[in-house]
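Reading through the structure tokens given below for one structure.
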Amino acid sequence: MALLDGKKLAQKILKELKKQVSRMKKKPVLAMVLVGDDPASSIYVRRKGFFCAETGIVSKTLKLPADVSEKKLLKVISQLNKDKNISAIMVQLPLPKHINKIKIIEAIDPGKDADCLHPENYGKFAQVDESYSVVAPATPFGIVRLLEEYKIKIEGKHAVVVGRSNIVGKPAAQLLLNRGATVTVCHRHTKNLPAFTRQADILVVAVGKKNLIKAEMVKKGAVVVDVGVNRVGKKIFGDVDFDNVSKKASFITPVPGGVGPTTIATLLWNTVQLARLAKATAKRAKK
Ligand code: NAP
């Protein structure tokens, strides 16, 4: 078994970004909108800010109370859309239940959509592939970059994705499909989950349930990508029983240190590409 080391890949991506940012006169600015005081969300935003600083990207965090109205949040986004100094916007999910997440995502200018969640950006890679769009969905793109970094063949393989959320499961399935995998997507209503996971050459698990995937549910030699983040006290666990599954897998991501760091690196990658695109567009408009 070999580890798919997300930390190492993230460092490589961040190093490349640092180089790109150092050549930019006007530094990219990422606005992060944080609603409420969910401890995990606050940690994610702080971590993203830390890596922005490492690469030279300017980060701005806008904290709003948990009871902020949808109207007020839409106004904040509209102001960020108009602000020429902001290159990219990221709204930290989940949002409180009284706010319509889809409405908020649709309000972000697609040219500033750091998470690649806006239907216009999402539709581009679903219709063609992600090379057609300047941004890519952060977690799924981090996963395929990790597979590619370790020269894991995707084309012709059977990929099984457990979870069908808009931010991980569905776009991960799409990116694997774009690369020629035969994809099965499982979810809460899937009957006999082990019958599907056992068929996987590449198994991606994004559910949020500690130890959901046990060794007997995995084929020998499978590549296992564990997206899950489950906090127990101060420790973090994935969705996969790492100790036992790692004895059967050919490659596996650790939690922490797997998908998490590549997600942040991809988000920052998107931020820099959006800033470059805005600069190129402004230059063309001047001519
Ligand atoms: P989500 O929106 O809650 O989606 C979870 C998915 O799991 C749903 O599609 C659900 O099915 C499915 N599911 C639930 N119980 C299941 C079961 N027993 N068997 C099969 N499928 C089941 O979560 P998410 O946003 O995709 O996140 C998933 C996990 O990844 C979470 O732990 C999250 O913290 C983590 N995450 C990590 C990163 C990172 O960077 N490392 C990024 C994003 C998310 P239904 O649709 O049928 O309900």
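Order of listing sets the numbers, starting from 1, for every ligand and every atom in it. Note that the coordinates shown come from a computational prediction; the quantities given were computed from them, not determined experimentally.
Other residues, nucleotides and ligands place more than 12 heavy atoms under 6.0 Å from the NZ atom of Lys219.
The cluster map of Ile, Leu, Val, Met, Phe, Trp and Tyr, joined by side-chain heavy atoms under 4.5 Å apart, puts Leu274 and Val33 in different clusters.
Under the rule for a salt bridge (charged side-chain N to carboxylate O under 4.0 Å, His left out), the partners of Lys12 that lie at least two apart in sequence or sit in another chain are Glu149.
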List, for ligand 1, each N/O atom that has a protein N/O partner under 3.5 Å away, with both atom names and the distance.
unit_1: ligand 1; atom_1: 9 (O); unit_2: Arg164; atom_2: N; d: 2.8
unit_1: ligand 1; atom_1: 11 (O); unit_2: Arg188; atom_2: N; d: 3.2
unit_1: ligand 1; atom_1: 15 (N); unit_2: Lys209; atom_2: NZ; d: 3.0
unit_1: ligand 1; atom_1: 21 (N); unit_2: Arg188; atom_2: N; d: 3.4
unit_1: ligand 1; atom_1: 26 (O); unit_2: Ser165; atom_2: OG; d: 2.5
unit_1: ligand 1; atom_1: 30 (O); unit_2: Val227; atom_2: O; d: 3.4
unit_1: ligand 1; atom_1: 32 (O); unit_2: Val229; atom_2: N; d: 3.0
unit_1: ligand 1; atom_1: 32 (O); unit_2: Val229; atom_2: O; d: 3.3
unit_1: ligand 1; atom_1: 40 (O); unit_2: Thr263; atom_2: OG1; d: 2.9
unit_1: ligand 1; atom_1: 46 (O); unit_2: Arg164; atom_2: NE; d: 2.8
unit_1: ligand 1; atom_1: 47 (O); unit_2: Arg164; atom_2: NE; d: 3.2
unit_1: ligand 1; atom_1: 47 (O); unit_2: Arg164; atom_2: NH2; d: 2.8
unit_1: ligand 1; atom_1: 47 (O); unit_2: Arg188; atom_2: N; d: 3.2
unit_1: ligand 1; atom_1: 48 (O); unit_2: Arg188; atom_2: NE; d: 2.8
unit_1: ligand 1; atom_1: 48 (O); unit_2: Arg188; atom_2: NH2; d: 3.2

>> With side-chain hydrogen bond (donor to acceptor under 3.5 Å, both in side chains) as the criterion, how do Asp239 and Asn230 come out once you've worked through the C-alpha distance, each side chain's angles and the decisive distance to 0.1 Å?
In response: CA-CA 7 Å; Asp239 292 341; Asn230 304 293; 3.0 Å; yes
>> With salt bridge (Lys or Arg N to Asp or Glu O under 4.0 Å) as the criterion, how do Glu216 and Lys248 come out once you've worked through the C-alpha distance, each side chain's angles and the decisive distance to 0.1 Å?
In response: CA-CA 9 Å; Glu216 60 273 20; Lys248 278 181 100 177; over 6 Å; no
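Applying side chain to side chain contact (heavy atoms under 4.5 Å, CB included) to Val259 and the options Asp226, Leu4, Val225, Val229 leaves one that passes, Val225.
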